[in-house]
There are 2 protein chains.
Amino acid sequence: MMATRDIPDFERPLTTVDVVIFTVLDGQLQVLLVRRPDGPEEPFPNAWALPGGFVDVRLDDSLESCARRKLLDKTGVQSPYLEQLGSWGSKSRDPRGWSATHAYFALLPADAVQLKQEEGKFAQWHPVNEPPPGQPLAFDHADILQAALERLRSKVEYTSLPAFLLPEPFTLPQLQKVYEIVLGRPVDKSGFRTRALAAGFLDEQGLLDVGSPRPAMGYRLKDRAAAVYFPRPFSPRSS
Amino acid sequence: MMATRDIPDFERPLTTVDVVIFTVLDGQLQVLLVRRPDGPEEPFPNAWALPGGFVDVRLDDSLESCARRKLLDKTGVQSPYLEQLGSWGSKSRDPRGWSATHAYFALLPADAVQLKQEEGKFAQWHPVNEPPPGQPLAFDHADILQAALERLRSKVEYTSLPAFLLPEPFTLPQLQKVYEIVLGRPVDKSGFRTRALAAGFLDEQGLLDVGSPRPAMGYRLKDRAAAVYFPRPFSPRSS
DNA sequence: CGAATAGTGTCTTTCAGACATTATGCC
DNA sequence: GGCATAATGTCTGAAAGACACTATTCG
């Protein structure tokens, strides 16, 4: 390595933040995408992309606050579950120059979201299993989305993450459904209930009538800031 | 969010990469630290710091190749186990300005390292349990080191990561020792052997005499590039 | 009273942890 | 042959998965 003695005089990389925002809507896991602006000088004009953009050193105190700002702008949600996913940086990922993006992923209940339509820019939910129509995602956002999905699916096996996708209060059958949606496979009811309750992240909120024949107990999270880790992962018995 | 239509005209954050390099030496988990340069304009002069520095857009194709370059510079090691840890960015972490660092962590066998002493800059191994003498670590490197330790200790519970800390070939008792060093607790021999062998990441290399009364089977990794995940974590029986 | 969903009980099998035992090589 | 370490065997208890059963509400 050469001089760290001083700030280097060569070009600084571009610094951006992107947020992968998940929710469950219509029984599917969905991700929020925005359309890139049109224009001859724009990278990936009109393509769908993850919400994000440049770090603004005048507005943002930190990477995380930058991510929260973008999240608030797009969804109106103040404090969803938010975790850092990783960073992607190379000289080729953005045609405008050497760029590094810091990716976050967020989980929130669909009903909390007020999609903002500003200046002809559309934010829209897309099922993660159906690629958005038209061109592929802008930049390396397909890679980032893929990584976010893998992280989510892997953590769902042993954490309370899916609870952040539901509006409160929710019932255990509803929560189980979300686990099944994210995992893509059925989950045993009895085992699920035992584990979820034993993990101790739920507070009872009284019976809840959700339209099914028999009302079920409503629950809310004890702590909407942090996920809870189960001692062992869910796993179908390997025969 | 405002204009992503164009590259913003305000200041760009500084972009750096730091590497947390672990090895096992003298029966302890150790981390490689370097001394910050001295000088009136230097941030944290003379303090110990993680090896790292600015991304050089002329030299580095990507964040990872930047990390590998710094690793090679400091240790001479070409391809250790390397994984991204996360990023830390804020306006206050570096007195020189808004800065974002991309942290990686690397595992390597101590004997592979040729510590380079250049221009009076010292790279030196430090046991992770003993804070280095003098001032605290530069920047937020104590936080980063802490995060790396947590990541390592957590992954050791259910992956083959410790194998990357040993020179090949190694024996199972040696490997078990490394697990115990990183975990900070004893591990049952029988269970360890069963799990390690069942995980299928080892290749037999013939008997190895390591000075103990009875020679033990030597092993090497089938794949030095990737860690293997165990189906279930190690865990002492919770009585 | 029947249908549909909520919630509980029970059985079985797996498997990790604990610990005892055997195997091997060296002095 | 004894000692130290390597390697394997055995037992047991905990717990997860599978599935059957009971409970509750509504029409």
Side-chain angles (χ1 to χ4, degrees), chain A residues 27 156-160 163 166 169-181 183-200 202-220 228-239, chain B residues 27 156-160 163 166 169-181 183-200 202-220 228-239:
Chain A
V156 163
E157 299 275 357
Y158 58 98
T159 71
S160 63
L166 281 176
F170 51 82
T171 68
L172 280 183
Q174 286 174 332
L175 184 58
Q176 181 182 343
K177 191 76 195 304
V178 177
Y179 271 86
E180 292 174 339
I181 287 170
L183 288 173
R185 60 175 155 85
V187 167
D188 180 77
K189 181 172 49 166
S190 173
F192 177 80
R193 297 178 66 89
T194 311
R195 294 175 62 104
L197 293 175
L202 296 173
D203 267 341
E204 292 195 358
Q205 289 289 297
L207 285 179
L208 206 65
D209 191 339
V210 289
S212 53
R214 174 179 169 184
M217 180 59 69
Y219 294 90
R220 31 180 311 196
V228 168
Y229 287 71
F230 302 150
R232 296 182 177 273
F234 284 98
S235 55
R237 177 148 302 178
S238 55
S239 62
Chain B
V156 164
E157 299 275 357
Y158 58 97
T159 70
S160 62
L166 280 177
F170 51 80
T171 68
L172 281 183
Q174 286 174 332
L175 184 59
Q176 181 183 345
K177 192 79 196 302
V178 177
Y179 272 85
E180 293 174 338
I181 287 169
L183 288 174
R185 59 174 154 85
V187 167
D188 180 77
K189 182 169 51 165
S190 172
F192 177 80
R193 298 179 66 90
T194 310
R195 295 175 61 105
L197 293 175
L202 295 175
D203 267 340
E204 293 195 358
Q205 289 288 301
L207 284 179
L208 205 65
D209 191 340
V210 288
S212 53
R214 174 178 169 184
M217 179 59 68
Y219 293 90
R220 32 182 309 197
V228 169
Y229 287 71
F230 302 150
R232 295 182 178 273
F234 284 98
S235 54
R237 176 149 300 179
S238 54
S239 62

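First the proteins, then the strands, lettered A, B, ... as listed; each starts at 1. Note that the structure is predicted; figures quoted are calculated from it, not measured. All values below come from the heavy atoms of this structure, side chains included, with hydrogens, waters and symmetry mates left out.
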Which nucleotide in [options] has an atom nearest any side-chain atom of [X]:
| X | options | value |
| --- | --- | --- |
| B:Ser190 | C:dA18, C:dT8, C:dG25 | C:dA18 |
| B:Ser212 | D:dT8, C:dA16, D:dA6 | D:dA6 |
| B:Ala216 | C:dG25, D:dA6, C:dT8 | D:dA6 |

Any B:Thr171 side-chain heavy atom under 4.5 Å of B:Tyr219 side chain
no
A:Val210 vs A:Gly191, nearer the 5' end of DNA chain C by closest nucleotide:
A:Val210
DNA chain C: 5'-proximal contact among B:Arg214 and B:Asp209 (nearest heavy atom)
B:Arg214
N/O donor-acceptor pair under 3.5 Å between A:Gln176 side chain and A:Val187 backbone
yes
Side chain of B:Arg193, base of D:dA6: donor and acceptor closer than 3.5 Å?
no
When the distance from [atom1] of [X] to [atom2] of [N] is rounded to whole Å, what number comes out?
| X | N | atom1 | atom2 | value |
| --- | --- | --- | --- | --- |
| B:Lys189 | C:dG17 | NZ | C1' | 15 Å |
| B:Gln176 | D:dT8 | CD | C1' | 14 Å |
| B:Phe192 | D:dG9 | CZ | P | 18 Å |
| A:Leu207 | C:dT5 | CG | C1' | 13 Å |
| B:Phe230 | C:dG17 | CZ | P | 12 Å |
| A:Glu204 | C:dA6 | CD | P | 16 Å |
| A:Phe170 | C:dT5 | CZ | C1' | 19 Å |
| B:Leu172 | C:dA23 | CG | C1' | 16 Å |

On DNA chain D, does the nearest nucleotide to A:Asp188 precede the nearest nucleotide to B:Leu197 from the 5' side, or the other way round? Give the residue.
B:Leu197
What is the minimum heavy-atom distance between A:Leu172 and A:Ala196, and which atoms define it?
CD2-CB, 4.3 Å
Are the charged groups of B:Glu157 and B:Arg185 less than 4.0 angstrom apart, N to O?
yes
In terms of ring plane angle, is the pair B:Tyr179 and B:Phe230 parallel, tilted or perpendicular, where the classes change at 30° and 60°?
parallel
